[in-house]
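To start, the structure itself, in structure tokens.
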Amino acid sequence: MDFTHELNSRQLEAVMNTKGPALVIAGAGSGKTRVLTYRIAQLLSQGVPAYRILALTFTNKAAREMQHRIAALVGETQAANLWMGTFHSIFGKILRLEAPLLGYTPDFTIYDAQDSKNMIKQIMKELQLDDKIYNPNAVQGRISMAKNMLVTPDAYARSADIQLADKMAKKPLIHEIYRYYATRCKKNNVMDFDDLLLQTNILFRDFPDTLEKYQRKFEYILVDEYQDTNYSQYLIIKKLAALNRNICVVGDDAQSIYSFRGARIENILNFKNDYPEYSLYKLEQNYRSTVTIVGTANSVIAHNEEQIPKELFSRNEEGEKIKVIRALTDREEGVQVVNEIYRLAQNEHQDYSHFAILYRTNAQSRLFEEALRKQNIPYRIYGGTSFYQRKEVKDLLAYLRLAVNQDDEESLRRVINYPRRGIGETTVEQLRHAARAHDSTLWHALSNVESLHDCLSPGTIRKLEPFKTLIESFAEMTKTESAYHVVHRVVTASGIVTDLETDNTPEGISRKENIQEFLNAVKAFSETAYKENREDKLAPFLAEIALLTDQDNDQSNDLPKVTLMTVHSAKGLEFPTVCVVGLEETLFPSIRSSHSSSELAEERRLFYVALTRAEKRLILSHATTRYHNGEIISPPPSRFLQEIHPRYIETPAPRRGAPRHQTIARPRVTMPVKRAEVPEINTAELQPAAPEAIVPGVVVYHPSFGTGQVISIEGLGDNRKAKIDFPQHDIKVLLLKFAKLFTEKA
DNA sequence: CTCTTCCAGCTTTTT
DNA sequence: GCTGGAAGAG
């Protein structure tokens, strides 16, 4: 096979040197996927059997794309035999094969984040912990952190550091919740997303023979997006690669944007320590973007310290300068950005699919949707609630999961009274109580409901019996019938259809359509399974969709549409024109990143990711005022805008007559706060500041922070806060109720 | 047990 | 501004 014409010399080296550990630092748009696919093709052409190659990605989409590209190089059959997929799907598969070793059955249920949060809430209720103090999100975050760091409930309870942190957070009993949660998951034959990695680690730790089996099997290991691996993933890879040491990791430290989910940028930075004999390949030529865009991105990321040294460059055209749109309000920002898209589409006959609007938070999408709808521009939104998160789909899924695994308590709770059959909370709690007394599951209590005549009324038992029989009949079906038959039967026999039938509101109709859509998905699964000679039973179907996201059933059908998504979900994608919007302090960078420089650095990498999505043209926008959680805020423009080297930014054309397409005269921005330029104040002439005098722009004096300038005001009543820039200190947010502020006497 | 109304909460989220 | 969950009435 001859790759020399397809690859540059750096890429070629990375492809051809297949032995030993390799670190590929792949800058944005530098042909990372190309290197991975050709490297795999090279291995296959050397005679390495496909089933001995393990290739790990973070998204199903990335895995599928790679599979297609490899199939094009070496043919379908070989490509299909590769062990290629996401961490979660590959190790989920291995765990199903080895489940009995760990005390699970191969049909274990996978819980998504929502399911596990519900379970945590339930456990907290049983432990009588107040969910005002024990915020379920925070608790879940702690447990997830622990799992990703391979901290067992015992270790969690014993760790002095962790206990101190939890005590400080006024949540000293998280270890109890964690313990119950872990026990119940196991009892229910359930794994959450973190378990797919944690249990793999446990498997490899406790069963050396099994580890060795997979070490021998996977002669070559490749990992995509290595900068986004967490500790748990890192350790799995390290263990698997220990025997052959043929490990190739590809990544870009500048694009590490998932530390909030436990990703550890140091994994890529420390690769050289784990594999001292490694070879390093730096891919620095960007094939995606114009010189201007690459220069812009470089000038921004240069503000981060601690990077793997590299210089991304482009030999593409110079390209157009960056357009910065400044709008008075958030709504106006939407209108102006959409106008610009409209103008480009008209003047340059650009297809609408060539445009993407990228924002920091999903909540920002609404204004752009409205503006696009008004202009009759087709668009597609990514993110928000995905198909499998919809209530009606989750209801149906709960029945299906129960049919496969009756011990799945969350699913049982979800449908025991849906559709309404008069089984309320009290009854379920009685069952839970009975289950606890026998140290068994909720289903176990329900299936022995006759023995509970002491605590349940005959009437209640009469309501529970038919439900129990219903689930048993579904369970019976799954053994022999195809997934499609079971789902079809569940939809009708459970009463879901009758329940939805009565609702003829637009939402109700959409719910029915979603159920239909689900049926289509099952049918599609059955057909592929049949074609590929796999079982088309319900269990493998559920296993497959548990790890699917809405980006996966992306039917980019019909007409070309503008793409709207968060910057996070845009990673790995590219568009001719990219609009990065909402570039204001507190929003991008997020306010939550303001207290630590490492979080700010991550925000900057996120901005870098956004910029490097663009091929030809970049449009950046910010608004002077915007609604945020129902309040008006007026944050200054993002510092990231100032970090772009000015030579890349388009300077507004001098006004010659009225501009043709301007919809609204642009008022001057009142407050482009630049640090350290706060006017002096005469400290001799001060008076206590009246609350109404504290407005953006006003210069104030604070006894300990000195002179500062008000950036913005948030909150109402006693909660009113001022964000003030004190050049001698920092930007502070002060509660006006307490802050002793002074203004100059008029 | 069920329905309504009210109130707090609220980044990002490949799996 | 929107959503999900809790509380209270029927």
Side-chain angles (χ1 to χ4, degrees), chain A residues 56-64 85-92 110-114 116-118 121 125 131-132 135-138 140-141 144 147-148 191-197 224-225 227-230 232-233 255-263 330-331 358-367 370 382-386 388-389 391 417 420-428 459-460 463 544-552 565-573 582 586-594 599 602-603 605-607 609-610 626-632 719:
Chain A
L56 298 167
T57 64
F58 275 82
T59 63
N60 296 305
K61 205 170 154 195
R64 231 177 301 121
T86 64
F87 279 86
H88 291 81
S89 73
I90 294 284
F91 297 117
I110 296 174
Y111 271 8
D112 68 19
Q114 188 57 52
S116 62
K117 192 167 22 179
N118 289 343
K121 279 189 196 162
K125 214 184 251 171
D131 65 0
K132 295 268 154 27
N135 171 286
N137 286 316
Q140 187 180 34
S144 173
K147 287 189 167 188
N148 287 326
M191 292 203 200
D192 64 18
F193 285 147
D194 299 324
D195 274 326
L196 297 176
L197 308 171
D224 192 14
E225 307 275 23
Q227 77 283 350
D228 286 335
T229 48
N230 64 29
S232 195
Q233 292 163 323
Q255 294 185 66
S256 162
I257 55 173
Y258 282 104
S259 79
F260 70 94
R261 287 179 93 266
D330 47 0
R331 174 164 274 157
L358 308 183
Y359 33 76
R360 178 67 240 269
T361 65
N362 281 310
Q364 288 165 262
S365 68
R366 223 191 77 241
L367 295 164
E370 281 169 14
Y382 292 76
T385 19
S386 80
Y388 292 105
Q389 315 260 2
K391 187 194 168 292
N417 197 31
R420 296 268 130 84
R421 36 177 86 83
I423 304 171
E425 206 182 335
T426 338
T427 309
V428 178
T460 310
K463 285 187 225 159
E544 190 176 293
I545 64 168
L547 299 173
L548 243 45
T549 62
D550 64 331
Q551 305 226 1
D552 293 319
M565 55 168 62
T566 63
V567 182
H568 279 94
S569 30
K571 189 163 142 199
L573 305 178
T586 76
L587 194 59
F588 200 177
S590 153
I591 186 132
R592 308 275 267 255
S593 70
S594 56
E599 281 171 279
E602 177 146 320
E603 292 282 312
R605 293 194 292 268
L606 188 58
F607 186 52
V609 167
R626 77 166 57 240
Y627 275 95
H628 182 243
N629 297 345
E631 290 170 36
I632 294 177
N719 220 1

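Since we're looking at a predicted model, the values are computed, not measured. So you know, we letter chains A, B, ... as the sequences are listed, proteins then strands, and number each from 1.
The salt bridge (Lys or Arg N to Asp or Glu O under 4.0 Å) check on A:E370 picks up A:R331, A:R366, with sequence neighbours excluded. Residues passing the side chain to side chain contact (heavy atoms under 4.5 Å, CB included) test with A:D112 are A:Q114, A:D115, A:F193, A:Q389, A:K394, sequence neighbours excluded. Not counting sequence neighbours, A:Y359 has no partner by the ring pair (Phe, Tyr, Trp, His ring centres under 6.0 Å) test. With sequence neighbours excluded, no residue satisfies salt bridge (Lys or Arg N to Asp or Glu O under 4.0 Å) with A:D330. With sequence neighbours left out, A:Y627 forms a ring pair (Phe, Tyr, Trp, His ring centres under 6.0 Å) with no residue at all. For the salt bridge (Lys or Arg N to Asp or Glu O under 4.0 Å) test, residues two or more places apart in sequence or in another chain that qualify with A:D228 are A:K571. With sequence neighbours excluded, the residues satisfying side chain to side chain contact (heavy atoms under 4.5 Å, CB included) with A:R421 are A:Y399, A:N417, A:P419, A:I423, A:F467, A:L470. For A:R605, the salt bridge (Lys or Arg N to Asp or Glu O under 4.0 Å) partners at least two apart in sequence or on another chain are A:E602. For A:F91, there are no ring pair (Phe, Tyr, Trp, His ring centres under 6.0 Å) partners, not counting sequence neighbours.
Put simply, CD on A:E370 is 11 Å from P on C:dG1, counting in whole angstrom units. Between A:L367 atom CG and C:dC2 atom P there is a gap of 11 Å when expressed in whole angstrom units. Atom CG in A:D194 sits about 14 Å away from atom P in B:dT14, given to the nearest Å. In this structure, CZ of A:R64 is placed 12 Å from C1' of B:dT14, rounded to the nearest angstrom. In this structure, CE of A:M565 is placed 10 Å from P of B:dT13, rounded to the nearest angstrom. Put simply, CG on A:D228 is 8 Å from C1' on B:dT14, counting in whole angstrom units. Counting to the nearest Å, the C1' atom of B:dT14 and the CG atom of A:L197 are 12 Å from each other. Taking atom OH of residue A:Y258 and atom C1' of nucleotide B:dT14, one finds them 5 Å apart after rounding to whole Å.
The A:F58 side chain lies nearest to B:dT14 when the options are B:dT13, C:dG1, B:dT14.
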Atom pairs, N/O to N/O, protein against nucleotides 3-5 of chain C, distance under 3.5 Å?
none

Is there any protein nitrogen or oxygen under 3.5 Å from a nitrogen or oxygen in nucleotides 8-10 of chain C, and what are the pairs?
none

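Between A:T57 and B:dT14 there is no side-chain N or O to OP1 or OP2 distance below 4.0 Å.
The two residues A:S590 and A:R360 have their closest heavy-atom pair at CB-NH1, 3.3 Å.
Anti is the classification of B:dT12, since its glycosidic angle lies more than 90° from 0.
Side chain of A:E631 to backbone of A:H628: no donor-acceptor contact under 3.5 angstrom is found.
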For nucleotides 1-11 of chain B, 5' to 3', base contacts (B), sugar-phosphate-only contacts (S) and non-contacts (-) with protein non-hydrogen atoms under 4.0 Å give SSS------BB

